[in-house]
Number of protein chains: 2
Amino acid sequence: MMTKSKVQPLLVNYKTLEEFKRFKEYGNQELAMLEDLESNIVENDSESPFFGIYYGSALVARMSLYRVKSKYDKYFTPPQDYLELWKLEVLPDYRGQGYGKDLVDFAKGFGLPIKTNPRINSQAFWEKMDFQKANYDVERDLGENPLIWLPSGVGERETN
Amino acid sequence: MMTKSKVQPLLVNYKTLEEFKRFKEYGNQELAMLEDLESNIVENDSESPFFGIYYGSALVARMSLYRVKSKYDKYFTPPQDYLELWKLEVLPDYRGQGYGKDLVDFAKGFGLPIKTNPRINSQAFWEKMDFQKANYDVERDLGENPLIWLPSGVGERETN
């Protein structure tokens, strides 16, 4: 029987930050979290924008999620708070088992529209998740390929 | 004798858009340009944010460059217009010949600070180009790994 994977918020601690190194999209964000922890700018076990799925004691999938305030919303109508989703990644040995979908479903559960800037070659996955291409606007999007998910009652903002 | 490659602005026309398909980072931006051309929203041969280098008649390297107005500047001090650089890419057969550097030098020639969000595994190249990591700020940077280049007299903005 398929059981739903448990998505949980990830706390900033040395164990989590060590597990992050196994993910391909390890970057400035993770390094900044490590520095903040080392210099006591953040408390051990304080919240992070990351959510993840454990298989046993190993972190096997993660994403970052941030609530953007409606005053900064340039994508949706009516203007509203939305979620920016990034660094969605499942470790190679654990792919094809629905962990990516579990994370996206978790994000959808907040009932807010979602925006993401997908990695190259992930278009098919996002289409299955009912994300659609936003109209590309160079001034707004620059180097991004924005994809959006619209809950019912929400539309895409017109661009010039 | 090494001659400097000639970087030139790329105009929106079917030939250019066809050449763009050879680059890995072909995405929504290029598709939007094609649609705009097809539906006559843009004129044939109108300007694009792309610059490129030709080898004979083939486009072998390109980047996109956009001047962001100082009122949107969250990276530099004093606040000022800066260039956002993205989709810097040299076709595989033409790498290691300085085309990437030629494009970056061209961008630096405007005398403005530059911000880029590099692709995974390109860190070494950007260090050689004298770009440095910006302090990562989740609210500002979300899924980006911002790198910046500071011309003399310009500093990095403090983040929280």
Side-chain angles (χ1 to χ4, degrees), chain A residues 12 23-36 41-42 46-50 63-69 72 74 82-89 114-123 126 131-148 159-160, chain B residues 12 23-36 41-42 46-50 63-69 72 74 82-89 114-123 126 131-148 159-160:
Chain A
V12 182
F23 290 81
K24 195 171 169 190
E25 286 197 82
Y26 183 91
N28 287 6
Q29 183 181 9
E30 290 81 353
L31 290 167
M33 289 167 70
L34 185 60
E35 281 169 18
D36 287 352
I41 293 172
V42 302
S46 55
E47 283 183 31
S48 80
F50 283 96
M63 69 175 167
S64 214
L65 210 54
Y66 191 84
R67 185 171 179 143
V68 179
K69 296 225 172 66
Y72 298 114
K74 296 174 180 174
Y82 69 91
L83 294 177
E84 173 99 19
L85 189 165
W86 72 98
K87 294 193 180 176
L88 177 76
E89 190 175 341
I114 305 173
K115 187 217 138 198
T116 191
N117 177 36
R119 288 171 60 181
I120 295 168
N121 297 330
S122 65
Q123 208 78 20
W126 290 107
F131 279 63
Q132 61 185 66
K133 261 185 232 163
N135 290 319
Y136 180 81
D137 177 78
V138 64
E139 214 165 313
R140 179 187 67 182
D141 300 318
L142 300 171
E144 299 207 340
N145 290 315
L147 293 181
I148 54 176
T159 55
N160 350 331
Chain B
V12 182
F23 291 82
K24 195 171 169 189
E25 286 195 81
Y26 184 91
N28 288 6
Q29 183 180 11
E30 290 81 353
L31 289 168
M33 288 167 69
L34 186 59
E35 280 169 18
D36 287 352
I41 293 172
V42 303
S46 55
E47 282 182 34
S48 80
F50 284 97
M63 69 175 165
S64 213
L65 211 53
Y66 192 85
R67 185 172 178 143
V68 179
K69 298 227 171 64
Y72 298 114
K74 296 174 180 173
Y82 70 90
L83 294 176
E84 174 99 18
L85 189 165
W86 72 97
K87 294 194 179 176
L88 177 75
E89 189 175 341
I114 305 172
K115 186 217 138 197
T116 192
N117 177 36
R119 287 172 60 180
I120 295 168
N121 297 330
S122 65
Q123 208 78 20
W126 289 107
F131 279 63
Q132 61 185 68
K133 261 184 232 163
N135 291 318
Y136 180 81
D137 178 77
V138 66
E139 214 164 315
R140 179 187 69 184
D141 300 318
L142 300 172
E144 299 208 339
N145 290 315
L147 293 181
I148 54 176
T159 55
N160 351 334

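Within every chain, numbering begins at 1; the chains are lettered A, B, ... in the order of the sequence lines, protein sequences first and strands thereafter.
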- Task: Assign the ring pair A/Tyr66 / A/Trp86 to parallel, tilted or perpendicular, where the plane angle (0 to 90°) is split at 30° and 60°.
- Result: tilted
- Do you know which of A/Ile120, A/Thr116, A/Asn28, A/Asn135 has the most heavy-atom pairs with chain B at a distance under 4.5 angstrom? A/Asn28
- Message: Determine whether B/Leu147 and B/Lys133 satisfy the following criterion, side chain to side chain contact (heavy atoms under 4.5 Å, CB included), listing intermediate values before the conclusion.
- Response: CA-CA 5 Å; B/Leu147 293 181; B/Lys133 261 184 232 163; 3.9 Å; yes
- Message: Let's go through A/Phe50 and A/Gln29 carefully: what are the C-alpha distance in whole Å and the side-chain angles of both, what is the deciding distance for side chain to side chain contact (heavy atoms under 4.5 Å, CB included) to 0.1 Å, and is it a yes or a no?
- Response: CA-CA 11 Å; A/Phe50 283 96; A/Gln29 183 181 9; 3.5 Å; yes
- Item | Toward chain B, the part of A/Glu84 with a non-hydrogen atom under 4.5 Å | side chain
- Message: Please classify the contact between A/Asn145 and chain B as side chain, backbone, both or neither, with a heavy-atom cut-off of under 4.5 Å.
- Response: both
- Item | Partner chain B: residue of A/Val138, A/Asn121, A/Leu85, A/Val68 with the largest heavy-atom pair count (under 4.5 Å) | A/Val138
- Proximity breakdown for A/Ile41 and chain B, heavy-atom pairs closer than 4.5 Å: neither
- Query: Quick one: what part of B/Leu142 sits under 4.5 Å from any heavy atom of chain A, side chain, backbone, both or neither?
  - Reply: both
- Task: For A/Arg140, enumerate each residue passing the side-chain contact (heavy atoms from CB on, under 4.5 Å) test, keeping only those at least two apart in sequence or located in another chain.
- Result: A/Lys74, A/Tyr75, A/Ala134, A/Asp137, A/Thr159
- Say whether, by atom type as modelled, one donor and one acceptor occur between the side chain of A/Glu25 and the main chain of A/Glu89 under 3.5 angstrom. no
